[in-house]
Amino acid sequence: MRLGLSRREEDGARLASLLWECGPGWRAISSAMLGGGIGPVGWVLNAQVAGGYSRMDPVAHLLEMAPPGPGVGMLTAAAVDRFTTAADGGVEVAATVGLRVPTWAAAPEGTPDPELAPMYLPGTINIVVAVPVAMTDAALVNTVMTVTEAKSQALAEEGFPGTGTASDAVCVAVREEGRAELFGGPRSTWGARVARAVHAAVRQGARDWMGRNGQAAREPSSGLSEM
């Protein structure tokens with residue numbers, strides 16, 4: 001897969017976009033607004049938008065920037081040109097990490113979260129994973145779990161009080177042909193490689209974000225009592 005960085009002028013800002021070009025023979029599972037679910041994929045676009053993003057048509061916006069053919073598109077307010085990468089045993093990962101509002105997944109009912117307003121505020125931790133083997137649908141779902149667990153581990157180790165942000169997005173691309181792997185959990189062969197690569201990319205991204213924003217992470221609490 002080929003990874004390319006481009007820039008555009010929009011809303012008075014110079015914004016970056018990261019494009020993975022897969023070529024034929026790939027399929028993906030994704031939570032992204034454009035191309036989400038499970039299906040064929042020829043490219044994955046991770047596009048930066050301004051912090052005050054207010055467009056109510058994010059899918060149409062992504063299509064304006066995307067190449068032709070089937071693909072996955074996601075938005076983020078994080079600095080895309082500061083993306084981090086990692087690789088492990090053939091697995092490749094690219095992540096954009098922004099941690100302005102880390103949050104716990106299981107927050108008490110009614111807990112306000114500024115990341116949810118406006119409604120379409122773009123995600124702050126976007127992760128793209130390429131695995132050079134085929135996987136069953138179940139293994140793809142299992143791999144998304146592994147990505148999420150590895151991301152949360154990285155944030156905890158860097159002292160962020162949360163499991164991610166409220167609108168993180170993920171995409172896992174695998175080959176269409178070949179013997180399909182049955183497992184994607186963190187103790188399977190390919191799941192372990194995914195976990196290590198995601199952990200490394202997100203941890204480096206968290207450190208980079210702290211350095212750019214002049215903030216120190218806090219020690220994660222053992223529960224939710226401090227929220």
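- Proximity of a side-chain donor or acceptor of Ser31 to a complementary backbone N or O of Val170 within less than 3.5 Å is detected.
- Rounding to the nearest 0.5 Å gives a distance of 11.5 Å between CZ of Arg196 and CD of Gln153.
- Rounded to the nearest 0.5 angstrom, Asn46 CG and Met65 CE are separated by 10.0 Å.
- Within the 3.5 Å criterion, the main-chain N or O of Val129 finds no donor-acceptor partner in the side chain of Trp20.
- Using modelled atom types, no side-chain atom of Trp209 and backbone atom of Gly205 make a donor-acceptor pair closer than 3.5 Å.
- Listed by chain and number, the residues in a side chain to side chain contact (heavy atoms under 4.5 Å, CB included) with Leu182 are Thr136 (sequence neighbours excluded).
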What side-chain donor-acceptor pairs closer than 3.5 Å can you find for residues 141-148, not counting sequence neighbours?
| unit_1 | atom_1 | unit_2 | atom_2 | d |
| --- | --- | --- | --- | --- |
| Asn142 | OD1 | Gly184 | N | 3.3 |
| Asn142 | OD1 | Gly185 | N | 3.1 |
| Thr143 | OG1 | Ala139 | O | 2.8 |
| Thr146 | OG1 | Asn142 | O | 3.2 |
| Thr146 | OG1 | Gly184 | O | 2.7 |
| Thr148 | OG1 | Val144 | O | 3.0 |

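- Asp81 places no side-chain N or O within 3.5 Å of a backbone atom of Leu5 that could act as its donor or acceptor partner.
- We find that Glu181 and Arg179 are joined by a salt bridge, their nearest charged nitrogen and carboxylate oxygen being less than 4.0 Å apart.
- Leu45 and Trp43 make their closest contact through N-CE3, 3.8 Å (heavy atoms, listed as atom of the first residue, atom of the second, distance).
- The main-chain N or O of Ile125 is found under 3.5 Å from a side-chain atom of Asp168 such that the two form a donor-acceptor pair.
- For the salt bridge (Lys or Arg N to Asp or Glu O under 4.0 Å) test, residues two or more places apart in sequence or in another chain that qualify with Arg203 are Glu157, Glu158.
- Annotation for Ala50 and Leu15: closest pair N-CD1, 3.9 Å, computed over non-hydrogen atoms.
- In this structure, the side chains of Thr76 and Met74 stay at 4.5 Å or more apart for every pair of heavy atoms.
- Here the CG-OG1 distance, from Leu3 to Thr85, works out to 7.5 Å after rounding to the nearest 0.5 Å.
- In this structure, the separation between CD on Glu176 and CH2 on Trp26 is 10.0 Å, given to the nearest 0.5 Å.
- Residue Ala95 comes nearest to Ile127 through the heavy atom pair CB-CG1, 4.3 Å, listed as atom of the first residue, atom of the second, then distance.
- If you check the side chains of His199 and Glu149, you find no donor sitting under 3.5 Å from an acceptor.
- Under the side chain to side chain donor-acceptor pair (under 3.5 Å) criterion, Ser17 pairs with Arg8, sequence neighbours left out.
- Legend: salt bridge (Lys or Arg N to Asp or Glu O under 4.0 Å) pairs involving residues 19-34, not counting sequence neighbours, sorted by first then second residue: Arg2-Glu21, Arg27-Asp137.
- With sequence neighbours excluded, the residues that form a side chain to side chain contact (heavy atoms under 4.5 Å, CB included) with Asp208 are Arg82, Arg212.
- Residue Ala47 comes nearest to Val80 through the heavy atom pair C-CG2, 4.3 Å, listed as atom of the first residue, atom of the second, then distance.
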Would you sort out whether Ser152 and Thr163 count as a side-chain hydrogen bond (donor to acceptor under 3.5 Å, both in side chains), showing the intermediate values? CA-CA 5 Å; Ser152 297; Thr163 50; 4.9 Å; no
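- Shown here for Leu62 and Gly73, the closest heavy-atom pair between the two residues is CD1-O, 3.4 Å.
- When side chains are defined from C-beta on, Gln48 does not count as touching Glu10, because their heavy atoms never get closer than 4.5 Å.
- At a threshold of 4.5 Å between non-hydrogen side-chain atoms, the residues Val44 and Cys171 count as touching.
- Taken from CZ in Phe83 to CG in Asn126, the straight-line distance is 13.5 Å, to the nearest 0.5 Å.
- The minimum heavy-atom distance between Thr124 and Ala78, with the atom names listed, is O-CB, 3.9 Å.
- In this structure, Arg55 pairs ionically with Glu64, as a charged nitrogen and a carboxylate oxygen lie closer than 4.0 Å.
- Within the 4.5 Å cutoff, the side chain of Val128 has no heavy atoms near those of the Val93 side chain.
- If you take CG on Asp88 and CH2 on Trp190, they are separated by 9.5 Å, rounding to the nearest 0.5 Å.
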Tell me, with the steps shown, if Phe183 and Met135 meet side-chain contact (heavy atoms from CB on, under 4.5 Å). CA-CA 8 Å; Phe183 306 105; Met135 286 187 166; over 6 Å; no
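- Looking at heavy atoms from C-beta onward, Val133 lies out of side-chain contact with Val174 at the 4.5 angstrom threshold.
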